[in-house]
Amino acid sequence: MSQTGYLILGISILVALLIIFVVSFVLYRRTPVPKGCENIKISEENCAGCTHSECSFYKKKEESEE
Amino acid sequence: MSREKGYTKQNFLKGLFIENPLFISVLGTCPALATTKSIEAAIGMGILFTIVLICSNTLISLLRKLIPEEIRTPSYIVVIATFVTIVKMLTNAFLPELYSTLGVFISLIVVNCIVLGRAEAFASKNNVFDSFIDGIGMGVGYTMALCIMAFFREFLGTGGFAFGNIFTFIPYFKLQIIPKGYEISLFTTPVGAFIVFGLILAVMAFYKNRKAEYQAFLQRKERQRKAEEAKAKAAALAAHKPVEEAK
Amino acid sequence: MGNSKKYILTAITLGVIGAVSAALISLTNLVTRDAIEKNKIDKINKGLAMIYDENSQFSEANSINGETKYLDSYYVASKNDEKIGYVFQTTGSNMYGKISMLVGIDLTYNIGNVYLVVNEQTYAQTLIDNYVNPLNDGSRALEDVSCGATYGAKLVRTMAEEAQSWAKENLK
Amino acid sequence: MNILITFILGIISSMLIDNVVLSRFYGICPFLGVSKKVKSALGMGIAVVFVIVLATLICWPLYNFILVPAKIQFLDTVAYILVIASLVQLVGLFIKKYSPSLYKTLGIYLPLITTNCAVLGVAQGNTDQALDFLSSLANGIGTSVGFLVIIVVFSCIRVRLESANTPKAFKGLPIALITAAIMAMAFMGLQGLFSGINV
């Protein structure tokens with residue numbers, strides 16, 4: 001395939017990846033948590049990862065705002 | 001957000017001391033341990049990190065009203081990944097030495113907890129100017145923390161400080177303090193990184209405990225003084241009452 | 001009704017963000033592409049100068065497309081237009097990563113200095129400190145490969161020997 | 001035969017000698033954060049193994065068959081973070097829908113993996129080192145299993161640390177870091193493991 005053909009293929013695959021990511025992100029947020037495990041919490045004192053909004057990095061922030 | 005006068009200054013200083021991203025909230029530890037072999041690498045990493053943080057904070061707070069609530073995180077990840085790619089290309093083109101020293105850790109800024117954390121916690125809720133200042137504060141705080149780590153690791157590990165092999169536009173300059181054979185080269189290895197980081201956190205915890213104890217001591221003295229005053233007043237009152245009866 | 005409007009709005013915002021990022025990245029790419037190429041060429045020239053010496057001229061890279069495993073091309077090194085040897089550019093990789101290097105072969109076909117242009121080995125620094133630098137200043141033999149980055153050293157050795165044997169057959 | 005030996009050596013070397021946490025420093029955030037209890041460390045480790053192996057399987061062909069011919073290699077970080085993030089969400093979706101028991105042990109850690117430096121570190125490392133498919137797969141498997149081993153061992157030690165009477169200032173994170181330093185020292189001893197084998 002010509003050079004620009006590959007370029008278009010590459011860009012379209014990246015766009016497809018972005019769409020898959022957004023759709024799966026929204027679907028993940030929307031699916032209900034299975035019955036038995038609503039209140040599992042990661043009780044860690046410092047934040048192990050930041051996409052999770054219960055991470056303590058935000059808690060200090062949100063508490064001080066209210 | 002109350003706009004009292006010193007808010008901007010306090011917003012900037014918050015990043016340096018009260019909420020230092022590395023030593024207080026212990027975030028972004030991956031690059032902190034890996035790129036602090038020498039002060040130059042730490043400064044380089046700090047500068048790149050601050051650039052990405054400032055640009056992403058500003059752009060995210062610009063778009064905060066546009067981005068719907070549900071897809072906040074994906075759009076932040078895309079914005080941060082764009083800025084990291086731009087910074088990576090620029091470093092590869094104009095600072096090849098820094099690019100080969102930092103290697104993978106420039107791309108790891110994308111998953112750095114601080115950038116995404118500040119974007120979600122601050123930039124998505126405040127106006128552009130505050131986010132910009134917060135970005136600078138956090139960036140400078142992080143760079144300062146990296147330099148402190150790098151200071152100990154390079155000084156103990158290689159016995160001195162060398163400048164000029166990463167930023168090649170500076171003339172090469174090596175300050176050798178500990179004589180050549182007596183430095184502890186363990187500190188340039190990963191083991192040394194863990195030790196230095198652990199000791200710094202321990203010293204800070206010790207200082208915090210000391211201050212807390214001092215505060216508690218002051219409060220106890222305060223309470224004692226108040227109790228004595230109350231007793232003295234009661235005694236004076238009691239002495240005064242019999243005189244009235246006598247009259 | 002509101003629901004589909006919200007979806008359209010989300011799609012538009014994402015499209016705007018994607019477009020802005022794509023524009024920014026391609027702009028930086030235009031600015032940095034030739035600078036990165038220039039860096040590569042500078043590194044090779046620096047290597048060539050290191051293998052022989054500054055004032056030796058080097059011919060164009062004539063590529064090798066025989067059945068060799070690692071060799072890419074070779075330069076003819078000459079000083080005030082009298083041939084003093086060759087420099088081979090070789091690339092190879094093992095489970096620790098890629099090495100692309102320049103190795104000097106003089107007229108009597110023994111292996112001269114080695115310069116690593118690209119060194120993506122996991123133990124890159126130990127490879128340079130314990131094997132390549134001592135090799136260049138003669139304090140370590142090419143065969144003595146166990147140096148803390150043994151796999152990288154073995155790769156460097158096999159590439160250098162292949163360049164030497166190729167030079168013996170083809171360059172009279 | 002030679003390929004099989006290199007594959008296994010690749011796995012063992014990136015699992016033990018060049019351990020992802022103790023010598024390459026990818027993944028310190030969950031290593032310090034999630035290793036309070038052995039059960040949570042095990043859950044995190046298994047989730048990371050799952051995601052890293054899948055990510056390596058997807059990222060290598062994506063880079064070599066799509067990005068390289070299209071001459072947009074500079075977009076590799078964007079592509080990898082998108083692949084890893086969507087992988088995490090899809091796996092989470094699958095677990096949430098079909099196996100509540102798996103969700104109980106594994107599910108809550110999945111969103112954390114998007115910001116785990118180890119996953120992107122391995123994918124980006126494979127590209128920077130220009131490894132071929134087998135070596136990058138070996139690197140992926142070795143790194144993830146190494147991460148699982150290290151985080152479980154570390155959480156066992158840390159459980160014991162809670163009851164030990166460490167000085168007040170060292171409680172919590174500082175003593176964990178010093179223990180990690182001693183573990184790194186032990187793993188540095190494995191450096192020369194493969195110098196004898198000539199493959």
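Note: hydrogens, waters and symmetry copies are ignored here, and every other heavy atom, side chains too, is used. By convention in this document, chain letters (A, B, ...) are assigned in the order of the sequence lines, proteins followed by strands, and residues within each chain are numbered from 1.
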Any chance CG of D:Leu4 has more than 12 other-residue heavy atoms, nucleotides or ligands included, within less than 6.0 Å? yes
Do you know which two heavy atoms are closest between D:Pro69 and A:Gln3, and how far apart they sit? O-OE1, 3.4 Å
Heavy-atom proximity to chain A below 4.5 Å, by part of D:Leu93: both
Heavy-atom cut-off 4.5 Å, strictly under: side chain, backbone, both or neither for D:Ile28 against chain A? neither
What's the separation between atom CD1 in D:Ile66 and atom CD1 in A:Ile13, rounded to the nearest 0.5 Å? 3.5 Å
Starting at CG of D:Leu87, measure out to CZ of A:Phe21 and round the result to the nearest 0.5 Å. 11.5 Å
Quick one, D:Leu90 and A:Ile20 - any side-chain contact, counting heavy atoms below 4.5 Å? yes
Is D:Lys96 close enough and on-axis enough to A:Tyr28, meaning under 6.0 Å and within 45°, for cation-pi? yes
Can you give me the closest heavy-atom contact between A:Leu14 and D:Ala79, atom names plus distance? CD2-CB, 3.5 Å
Could you tell me the separation between the OH atom of A:Tyr6 and the CG atom of D:Leu67, rounded to the nearest 0.5 Å? 12.0 Å
Residue pair D:Ser86 / A:Leu17: nearest heavy atoms and the distance that separates them: OG-CD2, 4.4 Å
Atom CZ of D:Phe133 with >12 non-hydrogen neighbours under 6.0 angstrom: yes
Using heavy-atom distances under 4.5 Å, tell me whether D:Tyr98 contacts chain A through its side chain, its backbone, both, or neither. neither
Using a 6.0 Å cut-off, check whether atom CZ of D:Phe7 has over 12 heavy atoms from anything other than its own residue. yes
